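On a predicted model such as this, the values are computed, not experimentally measured, just so you know.
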Protein chains: 2
Amino acid sequence: MPKKVDRHERRTLIADALMRVAARQGVEAVSLRHVAAEAGVSAGMVQHYFRTKDEMMAFAMAVVRERTQVRVTDAIARLGDDPSPRLLLRTMIAAVLPLTEESCADGRVALAFLAYAAVRPEVAAGMREDTGQMLDAVAGLIPAHGREEYAAGVLALMEGLGIHLLGGHYTAEQALAALDAHLDLVFGSAEGAAGR
Amino acid sequence: MPKKVDRHERRTLIADALMRVAARQGVEAVSLRHVAAEAGVSAGMVQHYFRTKDEMMAFAMAVVRERTQVRVTDAIARLGDDPSPRLLLRTMIAAVLPLTEESCADGRVALAFLAYAAVRPEVAAGMREDTGQMLDAVAGLIPAHGREEYAAGVLALMEGLGIHLLGGHYTAEQALAALDAHLDLVFGSAEGAAGR
DNA sequence: ACTTTTGCAATACACTTGCATCGTGAACGA
DNA sequence: TCGTTCACGATGCAAGTGTATTGCAAAAGT
């Protein structure tokens, strides 16, 4: 073999450029040449690592998913041993929400991809899987009856808060306040029912 | 003046075509010629009624906003006199959610525009306004303390449910169950606090 | 009847798009 | 040292993009 090149590294480099473009100018601005320019490489190279644009998109999306997962597990790890389910859940959600500069960029990309996936059934399947996973995780943290409904609600709330945050409709404080209020309800009500 | 033509009607006709295209193939597929073909008119005519593509987009978005508003007020009107705040709120939200064929198409368009607006500050302003309005309306229906947080949460929940519905992550039943569960919490908790 | 205004179609233009096809240079195995 | 294999750059191409421009028919005012 000639020249050793970390293929995956190159691909992520390009994917990063793609995400910067998508975050700044929207998905519609994502093109081979734009991404190449943003990455500081030739258009030919982009083509070399991704045979098609859709392949590039799919990869970039996988990167985003992976990164948010890392953010979540990191945040949870920082909690120390045996945190309360409620704190755990809150930390998880806060890690996903576009609150920091970095996660905000990811959020923009995710939103762009959401629209992109809306008309690409095969791409949407991946997201469905993700939410299913999250749903299980959340359901496991919620006490008692109505797990499924509550879990679905919490997940939807998270998604919605993310959207409103990205749109600048809510401030970080408002979003977190709404989240906490909701968690109060979910955990408080079960406590009340169990305590009675 | 020659030929009387209902300008607004023509524009909505074109906007409708635009929305069909956006719903079917995504925003990126929205182009002058595609829209013209979908509307069954010449590309020149589209250009005649919208000097620029962005103008066309903005108009289409306004149509969507307007239509969902109509759906909401209609649904509320069907409720009869003096419905409970909770029922009113539920009806409002159910009217917005992409549950029917029709509102689902609108939802796809709205999602596409959400991404579109994410990088167009002047477009995003309109949406911000809308959410602000909705927030006030919702807050007015929610009892007692923590209005703002709860209202923000309810709105976010709605948005999130919409997203998950569009993505096919939730079924209509699941979404409604989650909504009802949430409303149980919001209205039930206040009642519990007041009753104590 | 004549001019003006308007609705609309057609075309032209400068770009951009994704993708295929070359060419080249360099690293390795033989 | 030769040949193969791979990374990458450059170029080309057909299709599609938004927009400006032109042309033309018809309706209204005068």
**OP:** Could you name each residue pair satisfying ring-ring contact (aromatic ring centres under 6.0 Å, His included) that touches residues 55-92 of chain A, not counting sequence neighbours?
**Re:** A:His8-A:Phe59, A:Phe50-A:Phe59
Subject >> A:Asp106 with A:Arg65: basic N within carboxylate O range, under 4.0 Å >> reply: no
Subject >> Distance test, side-chain N/O of A:Arg51 to OP1/OP2 of C:dA20, below 4.0 Å >> reply: no
Original post:
Heavy atom of residues 24-47 of chain A under 4.0 Å from DNA chain D: which residues?
Top reply: A:Arg33, A:Ser42, A:Met45
**OP:** Please list, chain by chain and in numerical order, all residues satisfying side-chain contact (heavy atoms from CB on, under 4.5 Å) with B:Val119, sequence neighbours excluded.
**Re:** A:Arg108
**OP:** Round to a whole Å and report the spacing from NE2 of A:His48 to C1' of D:dG9.
**Re:** 11 Å
Subject >> Below 4.0 Å: OP1/OP2 of D:dG18 and any side-chain N or O of B:Thr52 >> reply: no
Original post:
If you measure from the Lys or Arg side-chain nitrogens to the Asp or Glu carboxylate oxygens, is any gap between B:Arg86 and B:Asp180 under 4.0 Å?
Top reply: yes
Subject >> Which nucleotide in C:dG18, D:dT19, C:dG7 has an atom nearest any side-chain atom of A:Lys53 >> reply: C:dG18
Subject >> Spacing between A:Met56 atom CE and C:dG18 atom P, to the nearest angstrom >> reply: 7 Å
Original post:
Can you check whether B:Gly167's main-chain N or O pairs, donor with acceptor, with A:Arg128's side chain at less than 3.5 Å?
Top reply: yes
**OP:** For the pair B:His182 and A:His182, name the ring-plane relationship: parallel under 30°, tilted 30 to 60°, perpendicular over 60°.
**Re:** perpendicular
